[in-house]
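What follows is a short report on a single structure.
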Protein chains: 4
Amino acid sequence: MNQHRSGPVRSAAAREAVLAATTRLFHEQGYDKLTIEGIAREAGVGKQTIYRWWSSRGAVIADCLTEGRLFLVEFEVPNTGELLRDIEHWLTTVLTILEARNGGELVRSIVAAAAEDPAVGDGLSESLGVERSLTARLAVAVREGQLPADAPIEQIGDAIFGAIIVRSLSRKSDSGESLRQLVRFLFTPTGRQGGAEAPTRRT
Amino acid sequence: MNQHRSGPVRSAAAREAVLAATTRLFHEQGYDKLTIEGIAREAGVGKQTIYRWWSSRGAVIADCLTEGRLFLVEFEVPNTGELLRDIEHWLTTVLTILEARNGGELVRSIVAAAAEDPAVGDGLSESLGVERSLTARLAVAVREGQLPADAPIEQIGDAIFGAIIVRSLSRKSDSGESLRQLVRFLFTPTGRQGGAEAPTRRT
Amino acid sequence: MNQHRSGPVRSAAAREAVLAATTRLFHEQGYDKLTIEGIAREAGVGKQTIYRWWSSRGAVIADCLTEGRLFLVEFEVPNTGELLRDIEHWLTTVLTILEARNGGELVRSIVAAAAEDPAVGDGLSESLGVERSLTARLAVAVREGQLPADAPIEQIGDAIFGAIIVRSLSRKSDSGESLRQLVRFLFTPTGRQGGAEAPTRRT
Amino acid sequence: MNQHRSGPVRSAAAREAVLAATTRLFHEQGYDKLTIEGIAREAGVGKQTIYRWWSSRGAVIADCLTEGRLFLVEFEVPNTGELLRDIEHWLTTVLTILEARNGGELVRSIVAAAAEDPAVGDGLSESLGVERSLTARLAVAVREGQLPADAPIEQIGDAIFGAIIVRSLSRKSDSGESLRQLVRFLFTPTGRQGGAEAPTRRT
DNA sequence: TCTTAAGCGAGACGGTACGTCATGTCTTAAA
DNA sequence: TTTAAGACATGACGTACCGTCTCGCTTAAGA
């Protein structure tokens, strides 16, 4: 039924060595210094073995990404019942991790990889727990009435993630205060529609 | 007293040729295919002339960016008095231009450049008119009471721009409907907090 | 019918396939383009099967050589009783065959193989019929008094063969006239010792 | 009058380093172990510098050959007036040098190079002094009547050289006795046709 | 007006990495 | 147990760019 193929099978050891080496080099040197030859050298693997199984260095990174090798923590959004506080907590954690290196180099590297390779782009937002975790928390908020029923929660997640990226690309470093302002604006019940009448309603 | 210097001064023609060639190649092939040697060849210029005046290919791109060579239109946000409609109009225009090429290649190229080079990152959001134009429109909205006085308009701009980037990196193509949902959420007067009773419940 | 059992049954077929494929590729592409992998592919044989039986590509060629697969004709030297005419006839035949390809490529290929691999060198001169046939003819000449009894016939054979090789390596193409001059010098009864006294002795 | 060409000129140092390294490696390891990368490494030169000026490793060897770097001595044929003795002397010298290494490896290497590359073939026989020196000595012999006026001296030179090659390819090692037999046959005044009585017997 | 030093095009240089190919050893599944 | 198929580490191939460094010219300011 299935097409038969004889011969040796893919070496699990080689695959593991490549992904491990890639992760190591990616963290140490960033995406633009990452080379196929460097990975092969570090992994003790032939170049051809990499080319046999991955189409580009981006594809290798994408595999690392989807296996959770690049971000070693789960960016879980807590659920205390108070949306804004939960999101702010999550934001602080995320920023701490992402900027632990040298000023957001990690974000820029992953963005560069995503810009170059479709496969990386696919696993991008999900890998940060944005989709899996942040969106889930927002869904809860919708269910509990903290957000309107028609709130585009996925797009809101993208917007927050996008703001993090933009901030990182601009090399701003304000300890995340500006991002905190953003989420406060987004999730403060008084909403953003201020103006003349809003303040009165707000008091 | 003054440092003596004889000889010719920087050639305006060479500078123009380099920037023009860079713009051309950037649009034709994208950032990752862009090379110093390619620019020099295309511009009919010596490599050293480029290295004399720019520190990297990123710096050349940054110059193109700040001179408005990469995006040939001004992304002006109209002001009809109705904020949401204006933003949606601007969004449609921006997406039309950015995706005219092959599926957001243009955005990804500029993002890659920004991820690699600080100078590009600096001029990034501004170059798209996000800062100059979108933020200005939001400031007007604040003044006119369509947004609360403490709305972090710059961060909102970044969030929208960031959402565009994230969408582009993920290679989604839904004609911008998801982004339109986002701005509708952000700028609809009814706000996003779920219905009439939610605020009361909070107090 | 023979598909029935395991063991060395297939061996003979594999051996034949390898030698046939090698011969084909050698003639089509020359020695330097000849590869083990290419032979295996062409023969429909595993690489290991080749390595099991032969130590190198030179060894495969050597087998082809000793089995007469590389030169499909026998370079028989005729025996009409007239030595010079016989040799010249043989020479013409040999050159016709050897240069039929593209300007002596065949000779150069076999020489390259011989230079690289001892086994090929061993079978070299013999394979062209130099030893078996030319030397035999010279031996007859010695017996019949057309050559002196102590003529080093094997060395003479080597010299003629060597001259062919040198000519081929130098890429000269004079339709063999220069070689014909050589054999005329070697086998003309008047000998090569010209000068004043020799002709007189000759008359 | 002459076409002007700006820009830097070929580096004599790089050229020298390449040829010196090639000569060294050729003697140490033979032609088949000789690689462009090896030469570049040994010479402390970029690979591209080699490819810029030579079309193949054969071309580099050819340059070494024509500059007399591969054979460090001049194979001068003496002229004592006695042809055979002179040639035998030359032959002894040549064989001593050529087989000093490991059993004719040097000859086989140069032959392999010549078989692969036309340029090497061109400079081949000349480089050994066959053309320049041996042929010159034979020409003298013709003038002095030791050889007939119409003796094809160039072909005789090729034949001797070719016999050396064939001997080397066959890995024979008899201290050159067989070759000495050949030249004795060629240059002994009594000629090679079997004595005084043989012709008569033949008629 | 003449000197002179910088800018310019061109491109050679020592390097690094690319993606491909072949080597010789090894492992697997089928016959 | 041999075979074909082919994965593996190794290493050379020839190409493209990197950033630096001459070249020989053109050119403009200062003497």
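Considering only heavy atoms from C-beta on, D/Arg69 stays 4.5 Å or farther from D/Leu65 through its side chain. At a threshold of 4.5 Å between non-hydrogen side-chain atoms, the residues B/Val60 and B/Val18 count as touching. Here the side chains of D/Glu116 and C/Arg108 are not in contact, with every heavy-atom distance at 4.5 Å or above.
Pairs engaging residues 23-36 of chain A under the salt bridge (charged side-chain N to carboxylate O under 4.0 Å, His left out) rule: A/Arg24-A/Glu42 [sequence neighbours left out].
With the nearest nucleotide of DNA chain F identified for both A/Ala14 and D/Thr35, A/Ala14 has the one nearer the 5' end. Both B/Lys33 and D/Gly38 lie near DNA chain F, and the one whose nearest nucleotide falls closer to the 5' end is D/Gly38.
Between the CG atom of A/Leu25 and the C1' atom of E/dA17 there is a distance of 14 Å, rounded to whole Å. Taking atom CD1 on C/Ile39 and atom P on F/dA4, their separation rounds to 14 Å, with Å as the unit. Atom P of nucleotide F/dA16 and atom CG of B/Leu34 are separated by 17 Å, given to the nearest angstrom. Between the CD1 atom of C/Ile36 and the P atom of F/dA5 there is a distance of 17 Å, rounded to whole Å. Note: CZ (B/Arg15) to P (E/dG7) measures 16 Å, nearest angstrom. The distance between atom CD of B/Glu42 and atom C1' of E/dG9, rounded to the nearest whole Å, is 16 Å. Separating the CD atom of A/Glu37 from the C1' atom of F/dC13 is a distance of 12 Å, rounded to the nearest angstrom. Regarding D/Gln29, its CD atom lies at a distance of 10 Å from the P atom of F/dA12, rounded to whole Å.
Both cation-pi conditions hold for D/Arg10 and D/Trp53: the charged atom is under 6.0 angstrom from the six-membered ring centre and inside a 45 degree cone around its axis. For the pair B/Arg57 and B/Phe26, the NZ or CZ position fails the cation-pi test of under 6.0 Å to the six-membered ring centre and within 45 degrees of the ring normal.
Looking at heavy-atom distances under 4.0 Å, A/Arg41 makes contact with sugar-phosphate atoms alone, never a base.
Residue A/Arg10 places no side-chain N or O under 4.0 Å from the OP1 or OP2 atom of E/dT28.
Applying a 4.0 Å cut-off to non-hydrogen atoms, the residues of residues 44-61 of chain B that approach DNA chain F are B/Lys47, B/Gln48, B/Tyr51, listed by residue number.
Side chain of D/Thr49 to backbone of D/Val45: no donor-acceptor contact under 3.5 angstrom is found.
The nucleotide whose nearest atom lies closest to any side-chain atom of D/Pro8 is, among F/dC18, E/dG11, F/dT3, E/dG11.
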